[in-house]
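Structure record follows, encoded as structure tokens.
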Amino acid sequence: MAQIKVTLPDGSIKEVAKGISAGEIVKSISEGLYRNALAVKINDEVSDLNVAVNDDCNFKVLTFSDAEGKQVYWHTASHILAQAVKRIYPTAKLAIGPSIKTGFYYDIEFKTNVTQDDFAKIESEMQKIIKADFSIERKEMSKKEAKKYFEKADEDYKVELVEDIPDDKVSFYTQGEFTDLCRGPHLPSTGKVKAFKLTQLAGAYWRGNENNKMLTRIYGTAFDKKKDLDEYLAKVEEAKKRDHNKIGRELGYFMTDENIGQGLPLLMPKGTQLFETLTRFVEDEEKRRGYVRTKTPYMAKSNLYKISGHWDHYLDGMFVIGDEMKDKEVFALRPMTCPFQYTIYNNGLKSYRDLPIRYGETSTLFRNESSGEMHGLIRIRQFTLSEGHIICTPEQLESEFIGVLDLIKYIMNSVGLYNDLTFRFSRWDPNNKEKYIYEPEVWEKAEAKMKQILDHIGLDYVEAIDEAAFYGPKLDIQIANVYGKEDTLITIQIDMFLSKNFDMTYIDENGEKQYPYIIHRSSMGCYERTMALLLEKYAGAMPFWLAPVQVKVLSITDRAAEKANEIKDYLEDRGIRTEVDNRNEKIGYKIREAQLEKIPYMFILGDKEVENNVVSVRHRKDGDLGCKTVEEIVSIMLEEVRLKKCD
RNA sequence: GCUGAUGUAGCUCAGUUGGCAGAGCGAUUCACUCGUAAUGAAUAGGUCGGCGGUUCGAAUCCGCCCAUCAGCUCCA
């Protein structure tokens, strides 16, 4: 019998009979491993354990501890969900059911209303399917047969999916009475799934297109040990406690009011203090790096947006004041700062010697988001961006771009978020003619230029199609919130269109008029959103330099009250934000309150301290630090501020 | 905008088949002057998200609207 060579990850080679199943190979390596095996990876391709191995190959066994193993596990779990659903709701139509980062989902069209209350029923049916331990069989058929099969089964979505598969052969997986169209791979049997839970229910458009029918999406997750599932669920619950939308309100950073409106949060004194600390820091740092600052209007006539292209490409996102049909003048609140700073640039003729010009502005913007999109401080209708535009020559583009990245790195490091960021190169989609200014050559040039810069500096990024701005490609700097949902925190964009629209030029060395390059950029992103992510990162316990209240002086008896006020004045004079608690309460109670407010330092002041001219220092995390003179502790705190320490 | 859930005192939440609006924490007042995460007592606090309907009677049933949450879509 013919033999083939299988190379294992440790480099060892195993000779096996040609045509043997992957599962048999695993079993021959180790029985224990076989029990945990979910799938295999043959030359970079993940396959079922049932697959026959016919050639020499690299061979890796996938278990639940491999990311790819988890994906297979969750994919099978989604099929079990679908099977259970079809048993309970035979008229339900199945769409797609993939694995995702933290589990799986299945999109289903139900004829009846299904809510979370139905989960228990579905879960117990899933449990039955797992207990039955159906073996999962793969088979192939032609597209024509497949289509016929699903037409007969009245599965419209599957029919549509089959039609879109380019190959003539399509694969199926069958477990018990249930068969689903699926590329696979899958676990060998349903009994392999141990601990699972359906987690949430949501609507989702068929094919992600809002013009299509909305299906019901059931989310779930699964683990190979009950304990790990419980731990995961507990961790999710724990993460929710850090939700800025909860602690930001509890700690008095912001509030909302139904009479003010959706997406219009009110920053309360603490939120405003943090906002001001952040904006001043950014403004000072940008000035240091050669930015000049502007302060431009919050609204403008529609003319301006017609020139910029916003009227054509962004009208839905704008708040328009007036009616073009009735009013002589129509205004709109600005959704972006670009046209305003460009107008400043155009005031006076510019020479190549004037470039680069770096304009910065702490810019309040207005975007008319749809009602379902608002979220705490993360998605709002009025927000303030650390906005700016760099106008430069083609030769200056790369060094300016790098300068922007360096600024972002410094700023994000200072608030402790830099290591949580990921980079996304967002490109246009030539097929999306609605969204973008359609000039393919210009796009190609801009994207090539950006890619060249990114690759040159060796930035680690992913590419995303159809995520660009309407006027140019972006480098989006992404961050995840407590729910794991990713958002753009900062973007840097290269714009090769608007300088022409605004007739922005400079005179080059030869006395010729040239169009400059423009970099749109932010350094800290939108302050509200950044504040939200800081609240989540630190669970409300802001680094000392950012904390709205840095010190609380707690008097033990009213004999110390006067001294407490003196200390507050001393600290405030040195720029340390201080509050005094002279209330007639027990010291334990005052400490508890300051602790719950997450105030970094508490100074406890009784007869003993007043007499010795010291304060008893307590840190919110490190506890009692003993007695220190005020001068001593103030110098420690000022050093923390200088270093912008984040822990 | 769409799907689903939610909205009762400042906060967290009870409130049965439609029949007098409840608790804990917080707040206020008084007493206590206290040593590193909750002193005690008393008092006040409500258009039950809003508007309309059904009913002798609505926090409770129905409709519309507003807001909040998760997800989709869209975006910083």
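These figures come from a predicted structure and were not determined experimentally.
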Applying a 4.0 Å non-hydrogen cut-off, can you work out what [X] is touching in the nucleic acid: base, sugar-phosphate, or nothing?
{"X": "A:Gly252", "value": "nothing"}
{"X": "A:Arg529", "value": "base"}
{"X": "A:Asn584", "value": "base"}
{"X": "A:Arg559", "value": "sugar-phosphate"}
{"X": "A:Leu215", "value": "nothing"}
{"X": "A:Gly588", "value": "sugar-phosphate"}
{"X": "A:Ser370", "value": "base"}
{"X": "A:Lys213", "value": "nothing"}
{"X": "A:Leu554", "value": "nothing"}
{"X": "A:Lys590", "value": "nothing"}
{"X": "A:Glu373", "value": "base"}
{"X": "A:Glu250", "value": "nothing"}
{"X": "A:Gly525", "value": "nothing"}
{"X": "A:Gln595", "value": "base"}

As its Watson-Crick or G-U partner within any shown strand, both distances under 3.5 Å, B:G71 has B:C2
As its Watson-Crick or G-U partner within any shown strand, both distances under 3.5 Å, B:A58 has none
Out of [options], whichever nucleotide has its closest atom nearest the side chain of [X]:
{"X": "A:Thr115", "options": "B:A67, B:G71, B:A5", "value": "B:A5"}
{"X": "A:Gln200", "options": "B:A70, B:G35, B:C69", "value": "B:A70"}
{"X": "A:Glu258", "options": "B:U3, B:C66, B:A37", "value": "B:C66"}
{"X": "A:Tyr219", "options": "B:C72, B:C75, B:U73", "value": "B:C72"}
{"X": "A:Arg618", "options": "B:C75, B:A27, B:U36", "value": "B:U36"}
{"X": "A:Ile591", "options": "B:A37, B:G35, B:A27", "value": "B:A37"}
{"X": "A:Thr557", "options": "B:U39, B:G71, B:U33", "value": "B:U33"}
{"X": "A:Tyr205", "options": "B:C66, B:U33, B:C2", "value": "B:C2"}
{"X": "A:Ile556", "options": "B:A70, B:C74, B:C34", "value": "B:C34"}
{"X": "A:Asp607", "options": "B:A37, B:G49, B:G35", "value": "B:G35"}

When the P atoms of B:C62 and B:G24 are compared, how many Å lie between them, rounded to an integer? 32 Å
Taking the C1' atom of each, how far is B:A38 from B:C32, in whole Å? 16 Å
For B:A76, is there a stacking contact with A:Phe383, counting only centres under 5.5 Å and planes under 30°? yes
Under a 4.0 Å N-O cut-off, is there an ion pair linking [X] with [Y]?
{"X": "A:Lys552", "Y": "A:Glu579", "value": "yes"}
{"X": "A:Arg427", "Y": "A:Glu463", "value": "yes"}
{"X": "A:Asp156", "Y": "A:Lys93", "value": "yes"}
{"X": "A:Lys86", "Y": "A:Glu155", "value": "yes"}

Of A:Ile604 and A:Asn481, whose nearest nucleotide on RNA chain B comes first from the 5' end?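 This one resolves to A:Ile604.
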Using heavy atoms to find the nearest nucleotide of RNA chain B for A:Glu585 and A:Tyr483 separately, return the residue whose nucleotide is more 5′.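 Result of the comparison: A:Glu585.
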From [atom1] of [X] over to [atom2] of [N], roughly how many Å is that when rounded to an integer?
{"X": "A:Arg592", "N": "B:U39", "atom1": "CZ", "atom2": "P", "result": "9 Å"}
{"X": "A:Asn212", "N": "B:U3", "atom1": "CG", "atom2": "P", "result": "15 Å"}
{"X": "A:Leu596", "N": "B:A37", "atom1": "CG", "atom2": "P", "result": "12 Å"}
{"X": "A:Asn211", "N": "B:C74", "atom1": "CG", "atom2": "C1'", "result": "12 Å"}

How about A:Arg529 and A:Thr488: does a side-chain donor come under 3.5 Å of a side-chain acceptor? no
Is there a donor-acceptor contact under 3.5 Å linking the side chains of A:Thr296 and A:Glu361?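 Judged by distance alone, the side chains do pair up.
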For A:Glu562, does the CD atom have more than 12 heavy-atom neighbours from other residues, nucleotides or ligands under 6.0 Å away? no
Looking at the base of B:C75, is there any donor atom on it, or on the side chain of A:Arg379, that sits under 3.5 Å from an acceptor on the other one?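 Under the 3.5 Å cut-off, the side chain and the base do form a donor-acceptor pair.
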Is the distance from OP1 or OP2 of B:G4 to the nearest side-chain N or O of A:Gln116 less than 4.0 Å? no
